[in-house]
A.B. asks: 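Structure below; questions to follow.
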Amino acid sequence: MSCGFYIKMALTNIRKNARLYLPQMLTGAGLTAMFYILVTLSMDERLHEVRGGSYLPTIMPLGTVVVAILSAILVLYTNSFLMKQRKREFGLYTVLGLEKRHVGRILFWESALSCLGAIFGGVLLGILLYKLCALLICRILRVDSILGFYHVSLTSIIPTLLFFLLVYLAAFILNRIQIARLNPVELLQSTHTGEKEPRIKWVLLVIGLLSLGAGYFLAVTTESPLLAINLFFLAALLVILGTYCLFVTGSIALLKFLKNRKTFYYHPRHMISVSGLLYRMKQNAMGLASISILATMVLVMISTTVSMYAGVEETLIRQYPHDFYISAGYETETEAHKEIPLDDISKIMHQAAEASNLEISGEFQEIYFSCAFNRKNNNVFGTDRTENISEIVECFFVTADEYQQMTSTEVKLNKHQIAIFSSDTGSHVFSAGDTLTIGEQTYTCAEKLSSFPINMTAYSMVNCYGIVVSDEDTFTEILNLQKKDYGNAASDTSHHLVLDFADEKAMEKVYDQFVDEFSSGIRSYVDAQPDSTGGYGTSVDSLWDTMDYLYGMYGTLLFLGLILTLVFLFATALIIYYKQISEGYEDRERFQIMQKVGMSSDEVRGTIRSQILLVFFLPLLVAALHMAVAFPMLTKLLKILFLSDQMLFFWCTVASLGVFAVIYVVIYSMTARVYYRIVE
Amino acid sequence: MTILEVKSLKKIYTTRFGGNQVQALSNVSFSVEQGEYVAIMGESGSGKTTLLNILAALDQPTSGQVLLDGQSLSGISEKELAAFRRKNLGFVFQEFNLLDTFSIRDNILLPLVLSNTSVSEMEKRLQPVVQQLGIASLLNKYPYEISGGQKQRTAVARAIITNPRLILADEPTGALDSRSTDDLLQVFQNINSMGQTILMVTHSTKAASHANRVLFIKDGEVFHQIYRGGCTNEQMYQKIANTLTILATGGDKK
């Protein structure tokens, strides 16, 4: 028999089985396209050079690996499903006189044609969509689009083709082995062996309830953000374990309970749904639990990345009450780092600003030191690591003179009096007259401050005190006390020149030029110093550096989050679609019997609808519940990433859930339509 | 009292492609009286199944009428038809048609549940029926755990629990061994003797020999019918066999 015969046969088969083949090919194409896009993004150097684009080559390969793993799983899954549905047909071929190698050849051409269609279609789709994605990335990174043409990259097409060909080849080999083992007689006889009604596994049920309860408890009750980091992983594991256990055995326990309540159970719709689900749960519990977990992960991923990205502005405002913090030093024969006086730096900065046409609107010198302080013992600097983290506060000390210089407000303090600002809104709020013991000395709080000029947000995971002491002596006394306690780990006084610029937007445009300008200023200052050996260093902490960093990092993560969400939706849709189809073929018989016994087709439709709805939306509901419980903990984690706007995160979560639900509903209605067509 | 009246029933199938017409029933008329046990015999392709589907309101005749208790089946909406089927007809099929996901109890109760019967009423009706059919001990088992004969008795229980006006049986002994066949035919005779009207379609002479009256269908028409009179089952068997021989060797009805 000629090759043409097999190709023709394979083509007919693909067309005849479009209900099975089409979703598989579409998914294959979609996955190939995404893989291609991610590979290209990690290699496209034009994008890496734009501001914030430097995160692409580090983050995108991670995404590629995730997509690769998911793709392999999905392709093999859909393949095994296809084979299961078509085994009978292949059995019939052998009965009709085709040898197994002939069947193998038909299968080969079917696989080859569908796989080539999917892969080349996918690459083409990828090339078309790449431009869109690149534009989206530029938009997310807030840079002007640099891409005016289609980018076709052979270096990413080849690995994409190779990877997917390999995956499909693996799938074909698995199929070929199945064909070799095919026993036609067995296949032609439909073996309808009933399954035992599942039993409730009480141990699992208890484990499930306990671990879910414990996970939820941790998520709701953890107060301190630092503890949240440690406990989040544990809580997530507990919830995952609990979800699996409860789906596997809790669902059966619930259904059995319903079944035993006769007045509920003996109702047309309930009876059919409950007993149908009871059987279905056994095969589906793991799948539904996995979908719930994946859906939760996607929701966490997308809502956090979206809100982190959307919260960048707010984060910057909170983290940078002032625009620009700088200190600099140089190397001498005797010292590794000799500070350049802040007054000299100020002169250099003014020159640089003038050269870049910028106006400095505010300027002061920040001199303070900060250290951790154990609130429980109230007078000990050294903190025991086993101590409850919520008792630790970070203290920022400044003298009254500096405070006045920074804020232009005067605090009058006698010796051993302090003015204090506390970020704690709970039990540790100071008011005038309260005392604070540091070392041997007890200080009286003369004034409670409502704000503090030093930026404390870097320590947002613990509470902070801003403390104004009366004079230089007290300041030094506390500093030395701290040095004694901490030894090598003690912190020193920090000196910064703090600048504010009049026009932040103008600065954003000329920032790089400005940096070059003052760097060369400092360079020539250092060169002019007689004791300099030539080495120097500047430490700059600026609104604009952080803005680039945050938009680059969070923007790249956001993009990856979007892509992975899309892949996950593909996966869920496909799994549910194939599940429903295979169940449709099983259910057809049942519903035919029921119609013979006297069920109208309206009732059949109603029953089917409620069953599919439950199977479909249970995972979504569970994911929403998990998300709601995880919310407080996630808020705390985001706080560490400097996002403290709870409402923003709340709305991002709600919006993600909403969009997710809408897409889910679309998948549902498409699947339901196919299912009805099979059953009726 | 006439329970079922079939008037000049005609059914023509048009094949989906090409428009070839196949006449399944050309002109069938007969009636069934209250309490009768009627068997309809005929070879494969004689139109038996078509007739039964029309009687069960699962299919519509091309022309002619079916009256159950004087009520016509045509012109009722699909939804009412389902309710009608549930209330007035009981079905026993060759392949049992039990649902694997239901216990024997739930399979029997299914038609009652579908017509929203109260739980206490269901319990009340269930016991006598399962006692009579000897399946009371099987109630909590599942269809795949019991034998073919037991399955068919379960199907009978499901058919009679609604106290239907008429039981329609389609080759009820087709999938049973000879012992189970005897048991089942005994069951049919018993429930008939208690006043239940039964219409059975079969091509088993043995099954038909238990009926009070046998109708023969050939080429879409009622060809002949015989009454039991005072015959025993064995005599009835002989009579049916003779008729079948005449049918097969080409005795034209003129």
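The sequence lines fix the lettering, A, B, ..., with proteins before strands; numbering per chain opens at 1.
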A.B. asks: Taking it one step at a time, do Tyr266(A) and Thr117(B) satisfy side chain to side chain contact (heavy atoms under 4.5 Å, CB included)?
C.D. replies: CA-CA 8 Å; Tyr266(A) 287 118; Thr117(B) 317; over 6 Å; no
A.B. asks: Chain A heavy atoms under 4.5 Å from Leu98(B): which part of the residue, side chain, backbone, both or neither?
C.D. replies: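 It is the backbone, since no side chain atom gets that close.
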A.B. asks: Apply ring-ring contact (aromatic ring centres under 6.0 Å, His included) to Phe91(B) and list each qualifying residue two or more places apart in sequence or on a separate chain.
C.D. replies: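 Residues passing ring-ring contact (aromatic ring centres under 6.0 Å, His included) with Phe91(B): Phe93(B).
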A.B. asks: Would you indicate whether Met194(B), at its atom CE, is surrounded by more than 12 heavy atoms from other residues, nucleotides or ligands within a distance under 6.0 Å?
C.D. replies: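 No, CE of Met194(B) has 12 or fewer neighbouring heavy atoms, counting only those of other groups under 6.0 Å.
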A.B. asks: Does atom NE2 (His270(A)) have a neighbourhood of more than 12 heavy atoms from anything else shown, all under 6.0 Å?
C.D. replies: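 For His270(A), atom NE2 is crowded (more than 12 foreign heavy atoms under 6.0 Å).
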A.B. asks: Taking salt bridge (charged side-chain N to carboxylate O under 4.0 Å, His left out) as the test, write out the residues that go with Arg125(B), two or more places apart.
C.D. replies: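 Glu121(B).
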A.B. asks: Find the distance between CD (Glu589(A)) and CG (Asn97(B)) and round it off to the nearest 0.5 Å.
C.D. replies: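 So the CD of Glu589(A) and the CG of Asn97(B) are separated by 8.0 Å.
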A.B. asks: Using non-hydrogen atoms and a 4.5 Å limit, figure out which bit of Arg86(B) sits close to chain A: side chain, backbone, both or neither.
C.D. replies: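 Looking at Arg86(B), backbone and side chain both touch chain A.
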A.B. asks: As a test of understanding, state which of Thr101(B), Leu114(B), Val113(B) forms a side chain to side chain contact (heavy atoms under 4.5 Å, CB included) with Met271(A).
C.D. replies: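 Looking at Thr101(B), Leu114(B), Val113(B), the match for Met271(A) under the side chain to side chain contact (heavy atoms under 4.5 Å, CB included) is Val113(B).
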A.B. asks: List, one per line, each side-chain donor-acceptor pair under 3.5 Å for residues 51-60 of chain B, sequence neighbours excluded.
C.D. replies:
| unit_1 | atom_1 | unit_2 | atom_2 | d |
| --- | --- | --- | --- | --- |
| Asp59(B) | OD1 | Lys11(B) | NZ | 3.3 |
| Asp59(B) | OD2 | Tyr13(B) | OH | 3.1 |

A.B. asks: Would Lys262(A) and Glu123(B) count as a side chain to side chain contact (heavy atoms under 4.5 Å, CB included) here? Give the steps.
C.D. replies: CA-CA 11 Å; Lys262(A) 294 212 156 119; Glu123(B) 297 287 339; 4.0 Å; yes
A.B. asks: Which heavy atom of Val119(B) sits nearest to which heavy atom of Thr263(A), and what is that distance?
C.D. replies: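 Heavy-atom minimum between the residues: CG2-CA, 3.9 Å.
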A.B. asks: Count the heavy-atom pairs under 4.5 Å between each of Lys87(B), Arg85(B), Glu95(B), Glu80(B) and chain A, then report the option with the highest count.
C.D. replies: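 That would be Arg85(B).
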A.B. asks: Counting a contact as any heavy-atom pair under 4.5 Å apart, which residues of residues 146-169 of chain B contact chain A?
C.D. replies: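 The residues closer than 4.5 Å to chain A, in numerical order, are Arg158(B).
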A.B. asks: Do Lys259(A) and Asp106(B) come within less than 4.5 Å of each other through their side chains, counting heavy atoms only?
C.D. replies: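 The answer is yes, as the side chains (C-beta and beyond) meet within the 4.5 Å cut-off.
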A.B. asks: Rounded to the nearest 0.5 Å, how far does CZ of Phe102(B) lie from CG of Leu278(A)?
C.D. replies: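 These two atoms lie 11.0 Å from each other.
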